[in-house]
Asker: 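Have a look at the structure that comes next, please.
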Protein chains: 2
Amino acid sequence: MSPQSISPNRSVNLEDIAAKAGVSRSTVSRVVNNEPHVSAKTRERVLAVIRQEGYTPNPAARALVTQRTQVIGVVIPQVPIVLFEDAYYFPMLLQGISRVTHARDYAMLLWLGQSEEEERRYYQRVISNRLMDGVIIASAAADNPFIDHFLETNTPFVLVERPDRYQDQISYVTIDNESAAYDVVTHLVTLGRHRIGTVTGNLTIMDGVDRLAGYRRALSDSGLLMDEALIAEGDFTYRAGYQGAFRLLDQGVDAIFAASDITARGVFQALQERQVQVPDDVAVVGFDDLPTAVHISPSLTTVHHPIEQKGADAATILLDQIMGKVTTPQQRILPTHLVIRKSCGAMTG
Amino acid sequence: MSPQSISPNRSVNLEDIAAKAGVSRSTVSRVVNNEPHVSAKTRERVLAVIRQEGYTPNPAARALVTQRTQVIGVVIPQVPIVLFEDAYYFPMLLQGISRVTHARDYAMLLWLGQSEEEERRYYQRVISNRLMDGVIIASAAADNPFIDHFLETNTPFVLVERPDRYQDQISYVTIDNESAAYDVVTHLVTLGRHRIGTVTGNLTIMDGVDRLAGYRRALSDSGLLMDEALIAEGDFTYRAGYQGAFRLLDQGVDAIFAASDITARGVFQALQERQVQVPDDVAVVGFDDLPTAVHISPSLTTVHHPIEQKGADAATILLDQIMGKVTTPQQRILPTHLVIRKSCGAMTG
DNA sequence: CACATCATTGGGAGCGCTCCCGAAATCTAA
DNA sequence: TTAGATTTCGGGAGCGCTCCCAATGATGTG
């Protein structure tokens, strides 16, 4: 291996560097950790040896004494659901988290939920892993044991969604699902729709609950009849949209608010099969603004929310917490905006 | 914290357990690691104390002596490209890797590629991180430094694609892109198409190169004229398909082989804008079989390949390598199959 | 009953690092 | 020049574990 190579030499340690540079272990440690109390020329000499030998500190040894691993965990329990339906969300979130952890010299340990039979073992494994300085939890079911556990053990953690309890004791980043849903449904009302149905998201996830609440408030504020038959319970999936749409059509809706873009696609498919024109007969709006929302016909009116930013903010809060920069729980609610395209009927063409 | 809780108590160590159980550190270690030479009743007693105290071994301490971290790395350098265009591929791959690592009590460290300016630093960080027993590399550009590095340092690694060099010295899992492409293009020929164009994938990635090679061989075996003007270089993106399709239309094609389903969607859009009917005027086939391939109109004829399995196999090979179960490089080529839908014109309706 | 044999147990050494404290070197000022 | 202040440097202790080897106890044999 050439000395110029960037390859680390795993067999060389602090003591070796110290010997070669003619200084002590402690001095090398100071140089490596960029600490003061080392003269400029000594520092230079040590750095030269370090480069030449391709030395990299052993993270296990370091973690053993500092009690810090420079690793955070990212826990995504509901992958199977999330993945099959909206493959975009979770990589985008990871990307945001990754951007920040990378910039701050942290690494990320990924825990994807397994099958239901493996669920208990999965929880155990995540919880008993001690290689993480903190944890980001995304899309957990309401009854997940993580929140209680991490609160109990004083492990820094951040949720990427609104928790259903202990809201002021927990750090989280989310969007204002309720008012975003309110806005998009109100938009439909403004366009003259009177009988607006919805296919909801998963109601064990707060995102789903809040979007439904926004729908309810919009109808009530608009003085429209609140008809429970216009609510088709779903779970963010294509299938839910497809099946829900048939039920809603039978109720004679003139607009449908789908709790996700994927669900909206299912709705589209059902309407097409029934020869119902979008938006002329029934307007459709979604939620998420997936990249493909613009590629379907008619293009989908939906709510845009900054997923990548959500991940980045969650990571920032977590790392600030780990480093002691902040000591109180942080909550952040990111802005969304309505993206008006053709499926709502506001534009023609 | 209740003694029955599954929460680990991070402050308790081997010695503490030993004291409470009235045995030595060594005996507790044997119990924890499920080693022989401990009497049944001692083992029982120690296990009871471990459960009661919520003891979990400190992985840093363990790694320090064993030189094993129980962590593998997953390196995905080209996320920005992969992600925006085919958000499905990479989470699916992770899911497969995760399934196996979970079953075998390993954790996974995820390294997503950053912006181009950060590229060099990214490589450095991944390479100098010593927390991984082995690495899975997905969709790396041909000139990535990882292969050379990991070969040099004797780090176990597995590629998820065919490498462009050292093929017999490297473990990898892939699909037979060349013959899958061959089959799908030949299928078009069988349906009577004579002037078949292609929008290629990224030609710095072997998947792209091989699919093009399959296309070439199919034309040549069918005795069709090989016209370079029918090859529009792309990069797996929607945009590439959109732009490439216009160029191919000008060449008077009657069929287009898109190197990915996403690219096929771009092709669809271009054809629609030019009022060209699919499949009547121009047949279109894709590659990947994304879940949405069945949702577009007309549904897309494409090549299915087992992404999740790719991840699982890569993880299996890697872990076998780490554990010394295999000592020679392993190559695995997973089967693909043609999924015939409507866009190729083989089905009507 | 003495002695060899085998399973079980205990404790020292050491993995590579950080942290602390005391020693050495250097600088400052009278 | 010398005492004192300040900066730089060195080495011991210890993080929590595994691994090795020696000690102990149980069992069997002539």
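By convention in this document, chain letters (A, B, ...) are assigned in the order of the sequence lines, proteins followed by strands, and residues within each chain are numbered from 1. Predicted model, so just to flag it, every value in this text is computed and none were measured.
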Asker: Going by number, which of residues 41-49 of chain A have a non-hydrogen atom under 4.0 Å from DNA chain D?
Answerer: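 Of all residues in residues 41-49 of chain A, the ones placing a heavy atom under 4.0 Å from DNA chain D are T42(A).
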Asker: Can you pull out how bent the helix from dC1(C)-dG30(D) to dA30(C)-dT1(D) is, comparing the axes over its first five and last five pairs, to 10°?
Answerer: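 End-to-end axis angle for the helix from dC1(C)-dG30(D) to dA30(C)-dT1(D): 50°, rounded to 10°.
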Asker: May I ask you to say whether R121(A) pairs ionically with D105(B), meaning some side-chain N is under 4.0 Å from a carboxylate O?
Answerer: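 Here R121(A) pairs with D105(B) in a salt bridge, since their nearest N and O are under 4.0 Å apart.
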Asker: May I ask you to say whether D148(A) pairs ionically with R165(A), meaning some side-chain N is under 4.0 Å from a carboxylate O?
Answerer: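 Yes.
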Asker: How close do A21(A) and V49(A) get, heavy atom to heavy atom, and via which atoms?
Answerer: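 In this case the closest contact between A21(A) and V49(A) is CB-CG2, 3.8 Å.
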Asker: Taking the six-membered ring for Trp and the single ring otherwise, decide whether the centroids of F146(B) and Y123(B) are under 6.0 Å apart.
Answerer: yes
Asker: DNA chain C: L64(B) or V38(B), which has the more 5' nearest nucleotide?
Answerer: V38(B)
Asker: Does R130(B) use its side chain to pair, donor to acceptor, with the backbone of A60(A) at less than 3.5 Å?
Answerer: no
Asker: Reckon T27(A) has a side-chain N or O less than 4.0 Å from the OP1 or OP2 of dT8(D)?
Answerer: no
Asker: Between the protein and nucleotides 17-21 of chain D, are there any N/O to N/O pairs under 3.5 Å, and if so, what are the atom names and distances?
Answerer:
| unit_1 | atom_1 | unit_2 | atom_2 | d |
| --- | --- | --- | --- | --- |
| dC17(D) | OP1 | Y55(B) | OH | 2.4 |
| dC17(D) | OP1 | N58(B) | N | 3.1 |
| dC17(D) | OP2 | L14(B) | N | 2.5 |
| dT18(D) | OP1 | N33(B) | OD1 | 3.3 |
| dT18(D) | OP1 | N33(B) | ND2 | 3.0 |
| dT18(D) | OP1 | R62(B) | NE | 3.0 |
| dT18(D) | OP1 | R62(B) | NH2 | 3.3 |
| dT18(D) | OP2 | S29(B) | OG | 2.7 |
| dT18(D) | O4 | R25(B) | NH1 | 2.4 |

Asker: Is it true that a side-chain atom of Y122(A) and a backbone atom of W111(A) form a donor plus acceptor pair closer than 3.5 Å?
Answerer: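 The answer is yes, because a donor-acceptor pair under 3.5 Å joins these two groups.
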Asker: Using only atom types and a distance under 3.5 Å, with no angle test, would you say the side chain of R30(A) pairs donor to acceptor with the backbone of V38(A)?
Answerer: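 Not a single qualifying donor-acceptor pair exists.
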Asker: Measure the shortest side-chain to side-chain distance between N129(B) and L109(B) over non-hydrogen atoms and say whether it is less than 4.5 angstrom.
Answerer: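 Touching, per the 4.5 Å side-chain cut-off.
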Asker: Looking at E118(B) and R99(A), is there a salt bridge between them, counting it only when a charged N and a carboxylate O are closer than 4.0 Å?
Answerer: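 Salt bridge: no.
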Asker: Report yes if at least one side-chain N or O of S39(B) is closer than 4.0 Å to OP1 or OP2 of dA7(C); otherwise report no.
Answerer: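 The answer is no; no side-chain N or O of S39(B) sits under 4.0 Å from OP1 or OP2.
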Asker: Using modelled atom types only, decide if a donor and an acceptor are shared between the side chain of E152(A) and the backbone of I147(A) within a distance under 3.5 Å.
Answerer: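 A pair under 3.5 Å: no.
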